[in-house]
Amino acid sequence: MGICNITPDSFHDGGEYDAVEDAVARAESMVAAGVDVLDVGGESTRPGADEVPVEEEIERIVPVIERLADLDAAVAVDTRKAPVARAALDAGADILNDVSGLEDPEMRLVAADYDVPVVVMHSIEVPVDPDSAVDYDDVVEDCIDQLTERVLLAEKAGLDREQIVVDPGLGFGKTAAESFELLGRLEEFQSLGCPILVGHSHKSMFELVGAEAGDCLDATIAGTTLAAERGADIVRVHDVPEAVRAVNVVEAADDPESFVEEN
């Protein structure tokens, strides 16, 4: 999943692709590099980010989504607001990515009405308060328990479990050490019976291992490789060519003969 931020203030690439033509060119380059899903968002979820009004968020993303319809990749809309989700799905989006974990009951109904896959992320609050601290008994078990509730709510709204993707929410209400624990114990999330998405790209968690903010491509790719090896079905990344090669390494190591046949 390639990240396509149509925002002026995202933590890694804010302001680089907030013009329609720049965003479309970025998406085209990611598809050429082998991305399967384009994740289009019009509101930053970085710590302390300001909320974007609904109409402004729609104006940012809909023209881009309309232009991406002919590309050879699915399009996800990264939003936590039901009106934005409806506008994006009407414009051609295929997947709903909600970083609030379907906190708004209306979002569950949107996903069911349009019969689309939905990414449900574990998050205590969005945007994240950088000064907040969460007391977990066991960060992995607590996240699984809370995601279980969200999955059941989505099913109650009418979604099939195979349409629900779970995201542990690295960095959202977790310390760097807790984020690494989630990554290291990713296989435990398979108990939910849903595909698993990991969003780790260029996050501050990598400062724990000596990477500098804004300069952690090598650490991000190591995280991509580990996520794929530990059971992630989707990795959400900024650097698509490097991530594709990292995932290919894992796939080739797991089954070299079939990988050679496919490629």
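The shown structure was predicted, so the numbers you read here are calculated from the model rather than taken from an experiment. Excluded from the calculations below are hydrogen atoms, water molecules and symmetry mates; all remaining heavy atoms, backbone and side chain alike, are included.
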Would the distance check show the side chain of D94 and the main-chain N or O of V75 forming a donor-acceptor pair, the cut-off being under 3.5 Å? yes
For H200, give me all partners under side-chain hydrogen bond (donor to acceptor under 3.5 Å, both in side chains), at least two apart in sequence or on another chain. T224
Does the side-chain contact (heavy atoms from CB on, under 4.5 Å) test come out yes or no for V140 and L186, once each step is laid out? CA-CA 8 Å; V140 175; L186 197 63; over 6 Å; no
Is any side-chain N of the basic residue among D138 and R185 closer than 4.0 Å to the acidic one's carboxylate O? yes
Ion pair present between R67 and E21, side-chain N to carboxylate O less than 4.0 angstrom? yes
State the CG-CD1 distance between L38 and I65, to the nearest 0.5 angstrom. 10.0 Å
Inspect the contact between E57 and R80 and indicate whether a charged nitrogen and a carboxylate oxygen are less than 4.0 angstrom apart. no
Would you mind checking if R150 and E103 are paired as a salt bridge, meaning a charged N to carboxylate O distance below 4.0 Å? yes
same_hphob_cluster(I6, I95) at 4.5 Å side-chain heavy-atom cutoff: no
Test of understanding: with side-chain hydrogen bond (donor to acceptor under 3.5 Å, both in side chains), list the residues that count as partners of D218, not counting sequence neighbours. none
T225: which of V247, T220, V250 passes side chain to side chain contact (heavy atoms under 4.5 Å, CB included): V250
Can you name the residues that form a salt bridge (Lys or Arg N to Asp or Glu O under 4.0 Å) with E242, not counting sequence neighbours? none
Would you indicate whether the side-chain heavy atoms of F189 and L147 approach each other to under 4.5 Å? yes
Do the side chains of I234 and V99 join up, straight or via other hydrophobic residues, at under 4.5 Å, putting them in one cluster? no
Is it possible for you to say whether M107 and V77 belong to one hydrophobic cluster, with membership spreading through side-chain heavy-atom contacts below 4.5 Å? yes
Would F180 and V209 count as a side-chain contact (heavy atoms from CB on, under 4.5 Å) here? Give the steps. CA-CA 10 Å; F180 273 107; V209 295; 4.0 Å; yes
Counting only heavy atoms from other residues, nucleotides and ligands, does the tally under 6.0 Å from CD of E162 exceed 12? yes
Checking side chain to side chain contact (heavy atoms under 4.5 Å, CB included) against Y136, which of E181, E178, E141 comes through? E178
Can you check side-chain contact (heavy atoms from CB on, under 4.5 Å) on S179 and K203, steps first, answer last? CA-CA 10 Å; S179 292; K203 289 189 173 178; over 6 Å; no
Side chains of L152 and K156 in contact at under 4.5 Å (non-hydrogen atoms): no
Closest approach of C216 and A211, non-hydrogen atoms and distance? CB-CB, 3.5 Å
side-chain contact (heavy atoms from CB on, under 4.5 Å) between K174 and H122, worked out: CA-CA 10 Å; K174 291 95 174 173; H122 177 272; 2.7 Å; yes
Check whether any side-chain heavy atom of D98 sits under 4.5 Å from a side-chain heavy atom of V120, and report yes or no. no
Rounded to the nearest 0.5 Å, the CG atom of D72 sits from the CG atom of D36 at a distance of 9.0 Å
Test C194 against every option in V165, I164, V119 by the side chain to side chain contact (heavy atoms under 4.5 Å, CB included) rule and name the one that passes. I164
To the nearest 0.5 Å, tell me how far K81 NZ sits from I58 CD1. 9.0 Å
Between S123 and F172, is there a donor-acceptor pair closer than 3.5 Å when you use the side chain of the first and the backbone of the second? no
Non-hydrogen atoms of A82 and V110 that approach each other most closely: CB-CG2, 4.0 Å
For I144 and S191, the nearest pair of non-hydrogen atoms, with its separation, is CG2-OG, 4.1 Å
Is it the case that the side chain of Q163 and the backbone of D160 share a donor-acceptor pair, with hydrogens and angles ignored and the cut-off at 3.5 Å? yes
Heavy-atom closest contact (A33 atom, V244 atom, distance): O-CG2, 3.5 Å
Side-chain heavy atoms nearer than 4.5 Å, only ILVMFWY residues, links allowed to pass through others: does that put V40 and L197 together? no
Show the nearest heavy-atom pair for residues V31 and A73, with the distance to one decimal. CG2-CB, 3.9 Å
Determine whether I196 and Q190 make a side-chain contact, defined as any pair of heavy atoms from C-beta on separated by less than 4.5 Å. yes
About how many Å separate CG of L153 and CG of L159, when rounded to the nearest 0.5 Å? 11.0 Å
If Ile, Leu, Val, Met, Phe, Trp and Tyr residues are connected whenever their side-chain heavy atoms lie under 4.5 Å apart, and connections chain through other members, are L68 and M1 in the same group? no
A227 to V235 - nearest heavy-atom pair and separation: CB-CG1, 4.0 Å
Exactly one of D78, V37, V198 should register a side chain to side chain contact (heavy atoms under 4.5 Å, CB included) with R236. Which one does? D78
Rounded to the nearest 0.5 Å, what's the gap from CD on E66 to CD1 on I61? Could you check? 10.5 Å
